[in-house]
Amino acid sequence: MAYTIKLKYSDVTPRADYMNRRQLMGGAVGLATGLALGPALGASKYSADLDPTALEDISSYNNFYEFGTGKGDPASHAHKLTVDPWSVEIDGMVERPGSYGLEDILKKVTQEERIYRFRCVETWSMVVPWVGFELNQLLNMAGVQGGAKYVAFQTLFRPEEMPGQKTVNLEWPYREGLRLDEAMHPLTIMATGIYDEPMPKQNGAPLRLVVPWKYGYKSIKSIVRVTLTDKEPQTTWNMLQPNEYGFYSNVNPEVSHPRWSQAYEKPIGGGLFAKRQETLKFNGYEEEVASLYDGMDLVVNH
Ligand code: MTE
């Protein structure tokens, strides 16, 4: 099985056709996510001009420890997760705290496609055509108070549907955090779908964070709580192994993980002949985000 050479989406669908199809499909994304989309779909300047990894690979090779630690566990078990209705508690240093229903959120934001590189700290990578909206739209909906400096995120805690929460030795619920300027950056999105389809449950339905210049574990799935705070939030992997998983976790080929190099990565889905490739600083988003870290020591603040 591991040696099967899989066809990529781009192998069976010429890229030009795929792009046209996606432009025509604007209404379909609207249907899938309950939102009327404008003409912007597929046209974002933040989308990378790369062939996306096949949906089959994106949705079968996952990390979602709430469903187990194996790469295939999320795809096997996530169907148990109830994702409708869904709401997000927004609290802490905001003008309008409260429970925000996902349907109401989606009526007020602009969704678009973002094709992003995705790089896991374990050294595998993918290219994912996300559908989503900029996190800054959600934060502005709630109104960020002047003193807020960080945003903390939490995943759903529901052990009866998420078996890993009973068996996997992480502190639940899964937690992540960003500095406020990172959270407000236009590259940072809340994703609701992949390939014009609603988000597969194993990929973090119905709403997950995507921060493309950081290691994948920062991109927390199935979010139910967003808290604005003036203190650096605790994050799951940092609590477990602070020397291995820093708060920033920016993709950086020059800073090794204590147990392996980060200089190269292996694209998922390439089959037997997939070549490893060089990892790019900030995962290829250096031009857009390097200035957020001006004057910071990126080794100390790994
Ligand atoms: N979010 C939650 N709630 N639980 C998790 O175990 N795993 C993280 C991140 N978000 C994880 C999570 C890690 S380690 C990675 S690499 C990405 O999700 C994987 O996302 P994907 O399965 O969509 O590729």
Side-chain angles (χ1 to χ4, degrees), residues 52-78 80-81 83 86 88 114-132 152-159 161-178 188-195 197-226 233-241 244-246 249-251 257 260 262 265-269 279 283:
T53 304
L55 180 59
E56 182 189 301
D57 293 312
I58 296 172
S59 60
S60 65
Y61 189 90
N62 300 100
N63 279 334
F64 199 168
Y65 282 62
E66 283 83 341
F67 296 102
T69 54
K71 294 289 183 264
D73 288 341
S76 303
H77 300 298
K80 294 178 196 136
L81 182 64
V83 297
W86 195 271
V88 182
R114 294 282 178 93
I115 301 175
Y116 281 165
R117 291 187 195 82
F118 189 82
R119 167 64 155 82
C120 178
V121 73
E122 298 163 340
T123 76
W124 53 265
S125 67
M126 298 186 181
V127 175
V128 185
W130 305 105
V131 176
F153 303 86
Q154 280 187 14
T155 293
L156 177 71
F157 181 70
R158 194 183 287 160
E161 289 185 2
M162 298 174 129
Q165 289 178 333
K166 292 183 196 156
T167 54
V168 178
N169 191 21
L170 283 183
E171 265 194 63
W172 307 107
Y174 193 101
R175 269 160 269 188
E176 260 307 336
L178 295 173
T188 304
I189 59 167
M190 290 292 237
T192 60
I194 297 175
Y195 272 111
E197 304 283 345
M199 187 66 75
K201 291 181 179 179
Q202 57 269 37
N203 291 91
L207 188 67
R208 57 104 41 103
L209 186 70
V210 180
V211 194
W213 71 94
K214 292 179 180 282
Y215 290 118
Y217 60 87
K218 298 294 287 185
S219 292
I220 178 173
K221 297 176 167 183
S222 305
I223 294 168
V224 291
R225 187 166 177 203
V226 176
Q234 287 194 311
T235 62
T236 294
W237 289 103
N238 184 254
M239 284 188 288
L240 191 74
Q241 296 280 11
E244 299 194 356
Y245 308 106
S249 303
N250 294 316
V251 175
H257 183 279
W260 58 82
Q262 294 290 19
E265 64 199 48
K266 183 99 176 201
I268 294 298
T279 288
N283 203 24

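Because the structure is predicted, anything quoted here is derived from the model rather than measured. Atoms within each ligand, like the ligands themselves, are counted from 1 in listed order.
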Y245/H257 under side-chain contact (heavy atoms from CB on, under 4.5 Å): CA gap, chis, key distance, verdict: CA-CA 8 Å; Y245 308 106; H257 183 279; 3.5 Å; yes
Taking atom types as modelled, find out whether D73 and Q202 have a side-chain donor-acceptor pair closer than 3.5 angstrom. no
- request: Compute the centroid of each ring, for Y174 and then for Y65, and state whether the two points are separated by less than 6.0 Å.
  value: no
Expected contact list for ligand 1 at under 4.0 angstrom, heavy-atom basis, is N62, N63, F64, Y65, E66, F118, C120, W124, T155, Y174, N203, R208, G216, Y217, S219, I220, K221
| Does the ring center of W237 lie less than 6.0 Å from the ring center of Y215? | no
With side chains defined as the heavy atoms from C-beta onward, is the minimum distance between M162 and K80 less than 4.5 Å? no
Can we call the ring centroids of F64 and H77 under 6.0 Å apart? no
